[in-house]
Each structure stands twice: as C-alpha cells, then as structure tokens.
Amino acid sequence: MTETTDILKQEAFRDSVATISKEGRRNYINPKKPKGRLYNRRTWFSIVYLIIFFTLPFIKVNDAPLFMFNVLERKFIFFGMIFWPQDFFIFGIGMLAFIVFVILFTVVFGRIFCGWACPQTIFMEMVFRKIEYWIDGDSTKQKQLRSMPWNAEKIRKRTIKFIAFFAISFLIANFFLAYLISMDTLLGYMKDPGGHTGTLISLLIFTSVFFFVYWWFREQACIVVCPYGRLQGVLLDKNSIVVAYDHKRGEPRGKLKKNEDHDCKCVDCKNDGACKSINEKMEAIVRQGDCIDCFACVRVCPTGIDIRNGTQLECVNCTACIDACDAIMTSIQKPTGLIRYASENSIVKGEKLKINTRIKAYSAVLMLLLSLLVFLIASRTDLDVRLMRTAGMTYNTLPDGRIANLYNLKLANKTHKDIDFSIRLENMPGEIELVGSGRLLVKKEDYTNLQFFVKLKKENLSGWKTMLNLGLYEKGKKIKNIQARFIGPEVYN
Ligand code: SF4
Ligand code: SF4
C-alpha cells in the first residue's frame, strides 16, 4: 500500500501540465532570468545566428539571391542554384535526406537543435525574452506587474513592450518575406507600397502571427504546435544525449539544513550536534542525494517543467536548468553537472555513447540519400527541356505532300543569364516552322513554352513512327539534344 502511494506521489506530475492551471486556464510562465556558462555560449551563438539570418537575404550570386523560397512561383534558390518544379525529385530527395538527418541527429543528440538553433527558441529566448527582462524586470517583477491594476507604471511598461515586440515582429516578417520573394523585390515594393497593397496585407498578417507567438503563445508553439517536439517520444532512446537530471546522484533529494555538513551522507551523520530538532535530524538522516530540492532548475525553465521528473515533451533543451543547478552545486561545494547533457544509459550504467544498430541503419540510409542527391545535382543541366507532340493530334498532310507534326517545347532556364537559342533537325532533312514569331529566347531564371511544326517528306519517314534528333544551339554551340517521335501515315510502313 505504502509502495503504491509512493509511486502515485512520484508520478503525480503526470496529472497536470505546467502551463495549464487547475481551472483549465493558461498558466503564464515567467521564468527567472538564466545566467551561467551555457547561457553565455548560447547568447554568443545566437548573435552569430541572427547576423547570418539578417544578412543572407542581401547576399547575391550572379545578381540573384543566394537563397530564395518562392512558394507562390514555385521557384527555389539554394546556394545560388535555381530549382524549378521540374527539379521536384531533387527537392524531394533533399527533403528526405534532411528528415533522415534530423532523425539521426535526434537519436544521438536529442533536441539540441531546439535549444541552440531553432528560430522559435532563438527569437523567444534571446530576443523577445531579453527585451522583456529589460522592460519588466526579472520573474518576480513580471508576476507583480501582471497582477497589479492598470496604473501609470503598468501602462507605460506594457506600451513600451508592445511597441518593441510589434516593431521586431514587423522586422522579422519583412525578412521572412525577403526569403520568399527576394530582398530586391521587397525593396522594390517598399518604394511603391500603394501599388502592392496585397503584399502589405500579407506582411501585416505575418507580423501579427509573429507578434501573437512571441507576446502570448510562446512555449505553446513548442509544446502544442511543433511536430518535431511531438516526435521526441519515438525518436529518443536510452542512448540519446539529452538535458538530463542525474537521478542516481541527486536522489533521494532533500532540503539543505542550516549548519549541515554538505558532504555528510547522513546515514553515519557526523553532524549530530548541529541538528536542532529531532525532525530536522531525521530529515537529514534520510537525505542522501545531492539535490537539495531548491527548485532553481524549475524557476528558470521557460516551459515550466521540472526536469527531475525525467525527459519530457515540453523540454526544449535550452540548458537554463543546467546553469541554474551548476550555480547551486557550486554554492554548496558539490561537483557541478547534477543536471547535464547525458543519456539515460550514461547516468544509470556509466556507458558512453554506443553506436547501436539504429544509429548504423539511419546513417546508412542517410549516406545513400546524400550520394543520390549529389549525383542528381551534379548531373542536373542548366536548361530543362520537355518536348512533346501536341496532345490529341496525329499528323497533317500538307498541300505539297509533306507530313507535318506539331510539337510543344517547354524550357526552364536555371541560369542567371538569358539563353538565345535555335533548333535544328539533325538526323534528316526537313523543315522546322515556329508557330507565331519572335526570338527563341528563354530569360534568366524563367521558363517559356513554344510550339513548332516539323515538316518531313514522305520518303524520309521510316514508318508510322520515326525518331527525330533535334539539337538546341546557343551562339552556334550545341547545348541540348532532344529526341522526338514523328507520326506519319501507316501506309509508309
Ligand atoms: S527542463 Fe526546462 S530549463 Fe531545462 S533544458 Fe528543458 S526546457 Fe530548458
Ligand atoms: S537546481 Fe539542482 S539542486 Fe536545485 S532542485 Fe534542481 S536539481 Fe535539485
């Protein structure tokens, strides 16, 4: 019975969610400002990250952006290379490789990405939260401000915070849009905002979404919305390195008593005289672990959880609890690292990272996909050509007796220069006649469709189906070979 009660007590944390009150309302988390070795490192890392984020849209290669993800026009640029919907399979393989990489990385290093590189965490913890500490003060002052009536101080602080949050959200929305449509296009729109009200409305919608997330939604984005967080349950195993509490060293936890010898293991208490009451003495006797139950790790947690309950979905591996606990351990003269990056196996069995079958299998799949991706990118051509006979048509017999087929030619120029080209029939005499007039030109980073007739003499046909070799030439130099089927009357078989 006692055992059951103990288990129920231990597992009681599963009955509630830190961010939801007993009444079912949102429990707003006001974490204490973290400080320490890892927080400093994360701050520096974030500065570099933000510089890159805000600089990349300005970088150009051959007059085109280095990165662009234009979903509306289905045009993507990675490292200056243009990808069209025709390259979808490369994109698909790239996405697959990325997913397998994320899985492999998570299996080995847990959610290290969330804490160090996820834009949500970087902007929330390293930009908006810092501004909040600066305007509202630390955790206690934030709580006081929240509960106080709307007096002059609250109105002033809330107004400053609102303006700052909205301005930064607007800035992020602009750069977000720059990644979609390119910085040049965005700057062009800014010069004439009246002519691009649709873009302005989208920009304000993006701004409102960012503002809503960073002002109010916050950690809920990681807990409720992010699919990566939800996947942790299946991706992590006992071998994965996560932010973990060393329960072997920390338990059984207990409050640190005044005058208590910190190194005392309490079973053979050397500090008998220092304990003032029998209760205190008894408490000191049962405590053997290093955790002094000070809750410093809980107070700094931006998702409001207690990492001592084990790895949880809410933990974004932000490392704030590591710093908080290290500071406590230092102050009570114990070794740091009671909370640290560690796997369950390393805590329980002292094992280092094991390259298990799961890791090997994911690595093999990843290598395979990466090799395929490299091959596809290396063999990809600058000019994508699709030639098809016009649907629903067979052939025409011309008044001079020649046979004509109508073709559709689709060209996608993946380079940063215009391509002025000509088409030649290579394996037999014949005529190519364009439908319409004008230059055969496909503009840089653009695509074009055109139609043309191929006219052949009957005696040159080798049956109802003749294979044609066509060449695409730019300034007299062949840039592409195309094969096409030419349909003629069956009688010439
Ligand atoms: S438990 Fe909280 S403070 Fe610790 S790493 Fe996870 S999210 Fe951060
Ligand atoms: S900060 Fe460390 S000592 Fe304090 S409660 Fe957390 S794990 Fe225990």
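We count ligands from 1, going down the list as the structure has it; atoms in each ligand are counted the same way. One-based numbering along the sequence shown. The model shown is predicted, which means the values in this text are computed figures rather than measured ones.
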Does the separation of the ring centres of [X] and [Y] fall below 6.0 angstrom?
{"X": "Y179", "Y": "F67", "result": "no"}
{"X": "F212", "Y": "F217", "result": "yes"}
{"X": "F211", "Y": "F162", "result": "yes"}

message = Measuring from atom CZ of F113 to atom OG1 of T106, what distance do you get when rounded to the nearest 0.5 angstrom?
response = 9.5 Å
Identify, for [atom], the protein heavy atom at the shortest distance, and state residue, atom and that distance.
{"atom": "atom 8 (Fe) of ligand 2", "result": "C291 SG, 2.3 Å"}
{"atom": "atom 5 (S) of ligand 1", "result": "C318 N, 3.3 Å"}
{"atom": "atom 2 (Fe) of ligand 2", "result": "C325 SG, 2.4 Å"}
{"atom": "atom 4 (Fe) of ligand 2", "result": "C294 SG, 2.3 Å"}
{"atom": "atom 7 (S) of ligand 1", "result": "V316 N, 3.4 Å"}
{"atom": "atom 6 (Fe) of ligand 2", "result": "C297 SG, 2.3 Å"}
{"atom": "atom 3 (S) of ligand 2", "result": "I292 N, 3.5 Å"}

Ligand 1-proximal atoms of I305, by part, heavy-atom distance under 4.0 Å =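 Under 4.0 Å from ligand 1, I305 contributes side-chain atoms alone.
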ask   = How does N317 reach ligand 1, by side chain, by backbone, by both or by neither, if only non-hydrogen atoms under 4.0 Å count?
value =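 It is the backbone that gets close, since no side chain atom is under 4.0 Å.
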query = Between the side chain of D138 and the main-chain N/O of K32, is any donor-acceptor distance below 3.5 Å?
reply =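 Here the side-chain-to-backbone pair does not exist.
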inquiry  = Using the rule given for side chain to side chain contact (heavy atoms under 4.5 Å, CB included), can you reason through R129 versus Y214, listing the C-alpha separation, both sets of side-chain angles and the distance that settles it, and then say yes or no?
reply    = CA-CA 9 Å; R129 189 91 70 187; Y214 296 118; over 6 Å; no
inquiry  = So, 2.8 Å as the limit: is an N/O/S atom of C301 located closer than that to atom 2 (Fe) of ligand 1?
reply    = yes
Contacting atoms of ligand 1, where contact means under 4.0 angstrom from a heavy atom of [X]:
{"X": "C321", "answer": "1 (S), 3 (S), 4 (Fe), 5 (S)"}
{"X": "V243", "answer": "5 (S)"}
{"X": "T319", "answer": "5 (S), 8 (Fe)"}

key: Y28 side chain to Q142 side chain, donor-acceptor N/O pair below 3.5 angstrom   =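 Judged by distance alone, the side chains do not pair up.
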key: Side-chain donor-acceptor pair present, S182, T185, cut-off under 3.5 Å   = yes
ask   = Below 4.0 angstrom, N of the basic side chain to O of the carboxylate: do R218 and E132 qualify?
value =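 So R218 pairs with E132 through a salt bridge.
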ask   = Would you call K444 and D446 a salt bridge, using N to O less than 4.0 angstrom?
value = no
query = Is it the side chain, the backbone, both or neither of M329 that has a heavy atom closer than 4.0 Å to ligand 2?
reply =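 For M329, the contact with ligand 2 is made by the side chain alone.
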request  = May I ask you to identify, for I307, whether its side chain, its backbone, both or neither come under 4.0 Å of ligand 2 on a heavy-atom basis?
outcome  = neither
